[in-house]
Structures are given as structure tokens and as C-alpha cells.
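Heads up, the thing below is written out as C-alpha cells.
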Amino acid sequence: MNFNPAHPMTEDRRSLQPVRTDPGAFRQAMTRFAAAVNVVTTDGASGRRGVTVTSACSVSDDPATLLVCLNLSSAENAWFEENGAFAVNVLSAGDEALARAFAGEDKLTQAERFARGEWSTGATGAPLLSSALVSFDCRLIDARVIATHKVLIGEVADLRIGEAGAGLIYLGRSFRSLDAGQ
């Protein structure tokens, strides 16, 4: 939309005062935001790492591009940017234990977490989960810090489509299953 001082929307935007939302209220509100559960992985000179995330989405289909948000509280999450590649492995309903492991629930090492799944190596070197509904193997093209997270943007170098089945989602602070046929 072009700036037009006579347009009523322009005046409304000018009169809005910035509001700081309470972080606790925001986290509570986000429990009502159903999201696909993914394990995002990387491997390279900085090391092999995987984390469970629900903040991943498509950006464009031409070129195929995804974004992922990683919490800055873990210094090891810098490995994704340092390695210059990542994979988004979309989990099936049967992968809840793996999601919990990569979320750090059992305090497992990275090696112990990866031992819980069957993996192959993608074109970028990122680990691809064999049981994933789909794995997007991405070459990092941009990374930005936004508040408490690093937003990674990757161009899809390859993708692997797994068996069709129910997806794993997170809603109401619980893992749930969502069948595409429902």
C-alpha cells in the first residue's frame, strides 16, 4: 500500500501507540496456536546439532525457501549459521519420543539424540530423518537476530518426501496427532 496521507488507514496507523505485550500472556496465547513439530538439524565444521522447533514455515516456492527460528539462549545454535546449512525434518505422529529428545527433555547429548533415529545425509551435509513426513535440505542464505531468536532463511537444495501419515503437532502445551485425511 502506498503512503497516502488522506487515506483513513494511514491516519489510524499514525494514531496507534506502541504496546508492549506481557511475555507471559503472549506465551499463554501461543498455546492456542497449533504448529507442526520439526527437528531442525545441521552438520559441518562446527558440529552436528539438532533441535525441536515449531517455528518453521515456507517463505516462497520460487525459489523454494524456508525460515526457522532458533532461540539465542543456546550458544550451540550458532552452529546452524556457522555450518551454512540446515534441514527441517517434519515429524510424523510416531516421532513424539524423538521430538522430546531433541527438545532436551532427557538431557541427552547430541550423539544420544541422533542415536534415537535413523538418519541419512542431505546434499548440504545436514542430517535427514528417515521417518520424517518430509525433509527440506536447505542452504543458508540469510540470518537475522529478532528479539530472543535467530531467524535462519534457507533456500531448499533438496527435499525428501517420506511415507504419508499423521503429522505431529503441538497445541495446548501437548503433542498431538493430526491426520491429513481428517
For this session: Just jot down the side-chain contact (heavy atoms from CB on, under 4.5 Å) partners of I169, sequence neighbours excluded, or say none.
Result: A34, R176, L178
In residues 97-107, what donor-acceptor pairs under 3.5 Å come from side-chain atoms, sequence neighbours left out?
from: R100; atom 1: NE; to: E96; atom 2: OE2; distance (Å): 3.0
from: R100; atom 1: NH1; to: E105; atom 2: OE1; distance (Å): 3.1
from: R100; atom 1: NH1; to: E105; atom 2: OE2; distance (Å): 2.9
from: R100; atom 1: NH2; to: E96; atom 2: OE2; distance (Å): 2.9

For this session: Indicate the atoms forming the closest heavy-atom contact of R144 with D142, along with that distance.
Result: NE-OD2, 2.9 Å
Exercise. Has the side chain of S130 got a donor or acceptor atom that lies under 3.5 Å from a matching backbone atom of E118?
Worked result: yes
For this session: Mind checking the OG1-CZ spacing from T52 to F175? Nearest 0.5 Å is all I need.
Result: 6.5 Å
Exercise. Which pair of non-hydrogen atoms, one from E82 and one from S46, has the smallest distance, and what is that distance?
Worked result: OE1-OG, 2.6 Å
Problem set entry | Value rounded to 0.5 Å, distance of CZ in R48 from CH2 in W79 | 12.0 Å
Exercise. Is there a path from V53 to Y170 through hydrophobic residues (I, L, V, M, F, W, Y) whose side chains come within less than 4.5 Å of each other?
Worked result: no
For this session: Using modelled atom types only, decide if a donor and an acceptor are shared between the side chain of E163 and the backbone of S131 within a distance under 3.5 Å.
Result: no
For this session: Any chance you could lay out the side chain to side chain contact (heavy atoms under 4.5 Å, CB included) test for F80 and V68, step after step, and finish with the verdict?
Result: CA-CA 10 Å; F80 290 89; V68 172; over 6 Å; no
Exercise. Are any side-chain N or O atoms of T41 and backbone N or O atoms of P127, one a donor and one an acceptor, separated by less than 3.5 Å?
Worked result: yes
Exercise. Taking a hydrophobic cluster as the set of Ile, Leu, Val, Met, Phe, Trp and Tyr residues connected by side-chain heavy atoms closer than 4.5 Å, whether directly or through intermediates, do V59 and I146 fall within one such cluster?
Worked result: yes
Exercise. If only atom types and distance count, is the side chain of N38 paired as donor or acceptor with the main-chain N or O of V40 below 3.5 Å?
Worked result: no
Problem set entry | Main-chain N/O of C69 paired to S55 side chain as donor or acceptor, under 3.5 Å | yes
Problem set entry | Test log, rule side chain to side chain contact (heavy atoms under 4.5 Å, CB included), inputs D137 and R160 | CA-CA 8 Å; D137 187 17; R160 296 203 187 151; over 6 Å; no
Problem set entry | Where E76 and R49 come nearest, the two heavy atoms and their spacing | O-CD, 3.2 Å
Exercise. Does any N or O in the side chain of W119 come within less than 3.5 Å of the main-chain N or O of F114, such that one atom is a donor and the other an acceptor?
Worked result: yes
For this session: Establish whether V39 and L133 are linked, either directly or via other cluster members, by ILVMFWY side-chain heavy-atom contacts under 4.5 Å.
Result: no
Exercise. So how far is it from C138 SG to L159 CG, rounded to the nearest 0.5 Å?
Worked result: 9.0 Å
For this session: Could you check T121 against D43 for side chain to side chain contact (heavy atoms under 4.5 Å, CB included), going step by step and ending with a plain yes or no?
Result: CA-CA 9 Å; T121 302; D43 201 355; over 6 Å; no
Exercise. Any link between V134 and V156 through a network of hydrophobic side chains (Ile, Leu, Val, Met, Phe, Trp, Tyr) touching at under 4.5 Å?
Worked result: yes
For this session: List the atom of T31, the atom of Q28, and the distance in Å for their closest heavy-atom pair.
Result: OG1-O, 2.6 Å
Problem set entry | Nearest-0.5 Å distance that lies between atom CG in L152 and atom CD1 in I141 | 11.0 Å
Exercise. Rounded to the nearest 0.5 Å, what separation is found between the OG1 atom of T65 and the CZ atom of R139?
Worked result: 11.0 Å
Problem set entry | Nearest-0.5 Å distance, CG of residue L66 to SG of residue C57 | 8.0 Å
Problem set entry | Connected via hydrophobic side-chain network under 4.5 Å: L168 and L129 | yes
Seminar exercise, completed: Only residue of N77, T124, N83 satisfying side-chain hydrogen bond (donor to acceptor under 3.5 Å, both in side chains) with T42 is N83
